[in-house]
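Here the structure is laid out as structure tokens; the discussion comes afterwards.
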Amino acid sequence: MTQVKRSSDCGNSPKNRMVEDIAVALETRDTGFLLKVLDPDSVWNHSGGTVATAETIFEQVGNLDMPAEVAVDRVMSHGKVGAVNGTSGEQRFCHVIEFTSVKCNRVRRIESYCG
């Protein structure tokens, strides 16, 4: 099981918490959570290419290796967009997440940068 160290940026911000939850789900391969929040027409752009539709995102995330530890450094959100960065195992990540509305309950697009 992956050990998760969360950011201190989410205290009183439900939007920040949602952005962090999505990033943690991506990094810990929590496909169950992702299926609940991804819009059926979601798009994920990442270093491996572009994946369209929630179903194909679910499949690709499920095939990734599980890191021993995920640590979230910073989280921020504004309007329909949020961003989170941190480390996953030995690798750094940044996910920029666009929601379908300002309610931030369904994901339209994810841009992921890893290195």
Side-chain angles (χ1 to χ4, degrees):
M1 180 169 209
T2 302
Q3 180 181 11
V4 177
K5 185 176 173 184
R6 290 188 171 263
S7 165
S8 61
D9 294 336
C10 298
N12 293 327
S13 174
K15 286 183 182 181
N16 279 8
R17 175 62 68 186
M18 179 60 121
V19 170
E20 183 179 60
D21 288 346
I22 293 164
V24 168
L26 283 168
E27 297 301 326
T28 61
R29 319 314 180 226
D30 185 353
T31 53
F33 179 79
L34 291 173
L35 279 179
K36 292 178 190 175
V37 299
L38 292 175
D39 186 76
D41 296 322
S42 296
V43 174
W44 182 27
N45 288 316
H46 58 90
S47 59
T50 298
V51 178
T53 77
E55 184 178 319
T56 54
I57 294 170
F58 172 81
E59 289 171 10
Q60 192 159 47
V61 167
N63 290 329
L64 298 172
D65 293 333
M66 183 76 73
E69 181 178 284
V70 172
V72 177
D73 294 333
R74 294 280 181 247
V75 181
M76 65 178 144
S77 62
H78 182 73
K80 297 191 312 184
V81 179
V84 58
N85 75 312
T87 57
S88 181
E90 299 293 319
Q91 197 160 349
R92 301 279 310 153
F93 69 83
C94 178
H95 300 293
V96 179
I97 300 162
E98 178 185 350
F99 294 94
T100 58
S101 72
V102 294
K103 291 182 181 180
C104 297
N105 54 5
R106 300 292 284 178
V107 175
R108 175 185 319 251
R109 182 181 197 86
I110 302 171
E111 299 282 335
S112 296
Y113 306 93
C114 300

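Atoms considered below: every heavy atom in the structure, side chains included; atoms not considered: hydrogens, waters and symmetry mates. Bear in mind the structure is a predicted one, so any value in this text is a computation, not a measurement.
In plain terms, the two heavy atoms of V102 and K15 that are nearest each other are O-CE, 3.0 Å. In this structure, A23 and V84 approach most closely via the heavy-atom pair CB-CG1, 3.1 Å. Across V70 and S88, no two heavy atoms sit closer than the pair CG2-OG, 3.9 Å.
In this structure, E111 CD and H46 NE2 are separated by 10.5 Å, a value rounded to the nearest 0.5 Å. Atom CG of D30 sits about 11.5 Å away from atom CD1 of I22, to the nearest 0.5 Å. Between atom CZ of residue R74 and atom CE of residue M76 there is a gap of 10.0 Å, rounded to the nearest 0.5 Å. Considering CD of Q3 and CD of E69, their distance stands at 5.0 Å, rounded to 0.5 Å. The distance from atom CD of E27 to atom CD of Q91, rounded to the nearest 0.5 Å, is 8.0 Å. For the atom pair R17 CZ and R6 CZ, the distance stands at 5.0 Å (nearest 0.5 Å).
Looking at heavy atoms from C-beta onward, L38 lies in side-chain contact with I110 at the 4.5 angstrom threshold. Residues V37 and F99 form no side-chain contact, since every pair of their non-hydrogen atoms from C-beta on lies 4.5 Å or further apart. Using a 4.5 Å cut-off on side-chain heavy atoms (C-beta onward), C104 and S77 make no contact. Taking the side chain as every heavy atom from C-beta outward, V24 and F33 never approach each other to under 4.5 Å. R29 places a side-chain heavy atom less than 4.5 Å from the side chain of P67. For the pair H95 and F93, the minimum side-chain heavy-atom distance is below 4.5 Å. Within the 4.5 Å cutoff, the side chain of V96 has no heavy atoms near those of the R109 side chain.
A salt bridge is absent between R106 and D41; no separation between the charged side-chain nitrogens and carboxylate oxygens falls under 4.0 Å.
Linking ILVMFWY side-chain heavy atoms closer than 4.5 Å, directly or via other members, places V81 and Y113 in a single hydrophobic cluster.
The backbone N or O of S7 sits less than 3.5 Å from a side-chain atom of E20, completing a donor-acceptor pair.
Residue D39 forms a side chain to side chain contact (heavy atoms under 4.5 Å, CB included) with just one option from V107, N105, T100, and that option is T100.
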